[in-house]
Amino acid sequence: MRWLTFDLDGTLADWPFRRLMRPYMQALLVQPAIRQALREEYLQRLAQGDPTRVYDWGDIYQAVREKLGLPQVFPNIAQVLAEAVLEPEVLYPEVPAGLAALRQQGYHIAVATNGLARYQQVLVDKLNIAYEQMLAPDISHAIKPDPAFWNPLRSQAPEAIVHVGDLLSQDIWGANAAGLTAVWVWRNMPPEWRATPVPGRTQRPDLGAVIAAKLQSELEEHGLVASIRPQTLPRPDHIVADLKELVALLAAAAPG
């Protein structure tokens with residue numbers, strides 16, 4: 001059995017949780033004390049290492065509210081998600097056909113997200129993403145890039161799992177550590193990279209500099225999610241701009 005595990009935000013969809021919560025959070029995030037307290041609570045949870053608490057935004061909101069002595073200013077996440085209507089463009093346009101084609105190639109699909117399943121599963125279902133399994137911190141009891149994140153699929157041989165994601169610091173580092181085939185989805189790939197055939201992208205002489213710069217940018221935005229920073233740069237086995245290129249890549253690599 002062959003598995004493809006897909007990151008959600010930035011890979012299959014345009015950050016649906018963030019988009020839904022933004023209207024409720026904009027007025028709060030312009031307040032420096034609240035913005036700083038949210039960031040500090042997030043980073044503290046990263047440092048503590050409990051994967052089920054890092055992205056538990058409902059609990060983070062409650063902790064910040066109590067710390068700052070605020071009234072009930074934060075949104076009820078479960079209610080927001082239950083009532084949400086997602087615009088069609090939230091799902092990247094080639095994703096439905098791409099996933100269908102990959103199924104025809106014999107792959108099983110898992111959605112592999114660092115967001116909690118109790119939040120993300122609602123969004124995945126609303127987006128009509130077909131999948132066999134979900135991997136998330138409250139399922140795996142680990143977060144990417146911890147190799148244990150993929151433990152629920154460990155009945156499969158590691159070489160039978162391909163992980164696809166957009167974040168070098170989580171998806172590619174994680175796939176490397178877990179011994180999986182790592183596919184980096186670079187959706188805003190520059191034209192000169194798009195002009196390079198997919199098999200040649202990992203051979204480009206400027207790859208190391210690009211990865212180092214993008215990794216640093218991710219770490220500044222998201223923090224170091226791993227408890228130990230790997231000593232080597234993330235190493236994608238393949239680099240694609242979208243699922244169309246992924247479908248073609250895997251079809252070409254198929255035996256026979």
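Residue numbers start at 1 and run along the sequence shown.
- Checked against a 6.0 Å centroid threshold, the rings of Phe6 and Tyr131 do not count as neighbours.
- Under the 3.5 Å distance criterion, the side-chain polar atoms of Gln133 are left unmatched by any main-chain donor or acceptor of Ala110.
- Transitive grouping of hydrophobic side chains (ILVMFWY, heavy atoms separated by less than 4.5 Å) brings Val64 and Leu29 into a common cluster.
- Between Asn188 and Trp186, the side chains place a donor N or O and an acceptor N or O closer than 3.5 Å (distance only, hydrogens not considered).
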**OP:** Could you please spell out the steps behind the side chain to side chain contact (heavy atoms under 4.5 Å, CB included) verdict for Val90 and Arg19?
**Re:** CA-CA 9 Å; Val90 172; Arg19 286 170 64 124; 3.6 Å; yes
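- In this structure, the side chains of Ile143 and Val54 come closer than 4.5 Å at one or more pairs of heavy atoms.
- At least one side-chain heavy atom of Ile77 sits less than 4.5 Å from a side-chain heavy atom of Trp57.
- Atom CE of Met134 is separated from atom CD of Gln120 by 7.0 Å, given to the nearest 0.5 angstrom.
- A cation-pi arrangement is absent between Arg65 and Phe74, since the terminal nitrogen or guanidinium carbon is not both under 6.0 Å from the aromatic centre and inside a 45° cone about the axis.
- A salt bridge links Lys67 with Glu40: at least one charged nitrogen is closer than 4.0 Å to a carboxylate oxygen.
- For the residue pair Leu28 and Val73, the shortest heavy atom distance occurs at CD1-O, 3.6 Å.
- Partner His238 forms a side chain to side chain contact (heavy atoms under 4.5 Å, CB included) with one of Leu246, Val183, Leu250 and no other, that one being Val183.
- In this structure, Asn114 CG and His222 NE2 are separated by 10.0 Å, a value rounded to the nearest 0.5 Å.
- Minimum heavy-atom separation, Gln170 to Lys144: O-CB, 3.7 Å.
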Subject >> side chain to side chain contact (heavy atoms under 4.5 Å, CB included) between Gln48 and Gln44, worked out >> reply: CA-CA 6 Å; Gln48 291 171 342; Gln44 180 180 346; 3.2 Å; yes
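- For the 3.5 Å distance criterion, the side chains of Thr11 and Asp166 qualify, holding a donor opposite an acceptor.
- Proximity of Arg35 to Arg39: side-chain heavy atoms (C-beta onward) are nowhere separated by under 4.5 Å.
- Side-chain contact between Asp237 and Trp184: absent, with no pair of heavy atoms (C-beta onward) separated by less than 4.5 Å.
- Both Val185 and Leu8 belong to a single network of hydrophobic side chains, linked directly or stepwise wherever heavy atoms of I, L, V, M, F, W or Y lie under 4.5 Å apart.
- In this structure, NZ in Lys126 is found 12.5 Å from CD in Gln121, a value given to the nearest 0.5 Å.
- Side-chain contact of Gln62 with Glu66: a donor-acceptor pair under 3.5 Å is present, judged by distance alone.
- Not one N or O on the side chain of Ser217 forms a donor-acceptor pair closer than 3.5 Å with the backbone of Ala213.
- In the displayed structure, Arg103 atom CZ is contacted under 6.0 Å by more than 12 heavy atoms of other residues, nucleotides or ligands.
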**OP:** In sequence, state the C-alpha distance, the side-chain angles, and the governing distance for Met25 and Arg22, and then conclude on side chain to side chain contact (heavy atoms under 4.5 Å, CB included).
**Re:** CA-CA 5 Å; Met25 295 298 297; Arg22 186 180 297 135; 5.9 Å; no
Subject >> side chain to side chain contact (heavy atoms under 4.5 Å, CB included) between Leu4 and Ile161, worked out >> reply: CA-CA 6 Å; Leu4 277 166; Ile161 302 173; over 6 Å; no
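- Under the 4.5 Å side-chain heavy-atom criterion for Ile, Leu, Val, Met, Phe, Trp and Tyr, Leu233 and Leu167 are members of distinct hydrophobic clusters.
- Hydrophobic clustering (ILVMFWY, side-chain heavy atoms < 4.5 Å, transitive): Leu12 and Phe17 are in one cluster.
- With hydrogens and angles ignored, the 3.5 Å screen pairs no side-chain donor or acceptor of Asp146 with any backbone N or O of Phe149.
- When all heavy atoms of Pro236 and Ile172 are compared, the closest pair comes out as N-CG2, 3.6 Å.
- To the nearest 0.5 Å, atom CD of residue Glu87 and atom CG of residue Leu127 are 10.0 Å apart.
- For the atom pair Leu116 CG and Tyr55 OH, the distance stands at 10.5 Å (nearest 0.5 Å).
- Taking hydrophobic clusters as Ile, Leu, Val, Met, Phe, Trp and Tyr residues chained together by side-chain heavy-atom distances below 4.5 Å, Leu243 shares a cluster with Val111.
- Asp14 and Tyr92 get closest at one heavy-atom pair: CA-OH, 3.5 Å.
- Between Asp56 and Arg118, at least one side-chain nitrogen of the basic residue sits less than 4.0 Å from a carboxylate oxygen of the acidic one, meeting the salt-bridge criterion.
- In this structure, Gln105 contributes its side chain and Val247 its backbone to a donor-acceptor pair below 3.5 Å.
- A side-chain donor-acceptor contact under 3.5 Å links Thr113 to the backbone of Gly115.
- Judged by distance alone, the side chain of Gln216 and the main-chain N or O of Ala212 form no donor-acceptor pair under 3.5 Å.
- Summarising the geometry, atom CD1 belonging to Ile239 is positioned 6.0 Å from atom CD1 belonging to Ile211; distances are rounded to the nearest 0.5 Å.
- Side-chain polar atoms of Trp150 and Thr5 form a donor-acceptor pair below 3.5 angstrom.
- The minimum heavy-atom distance between His141 and Asp138, with the atom names listed, is CE1-O, 4.3 Å.
- The salt bridge (Lys or Arg N to Asp or Glu O under 4.0 Å) search around Arg204 returns Asp206, not counting sequence neighbours.
- Here Trp3 and His163 keep their ring centres 6.0 angstrom or further from each other.
- In this structure, Arg18 satisfies the cation-pi test against Trp15, with its NZ or CZ atom closer than 6.0 Å to the six-membered ring centre and inside 45 degrees of the ring normal.
- Under a 4.0 Å N-O distance rule, the pair Glu218/Lys214 does not qualify as a salt bridge.
- Here the closest non-hydrogen pair linking Pro32 and Val30 is CD-O, 3.3 Å.
- For the pair Arg201 and Leu207, the minimum side-chain heavy-atom distance is 4.5 Å or more.
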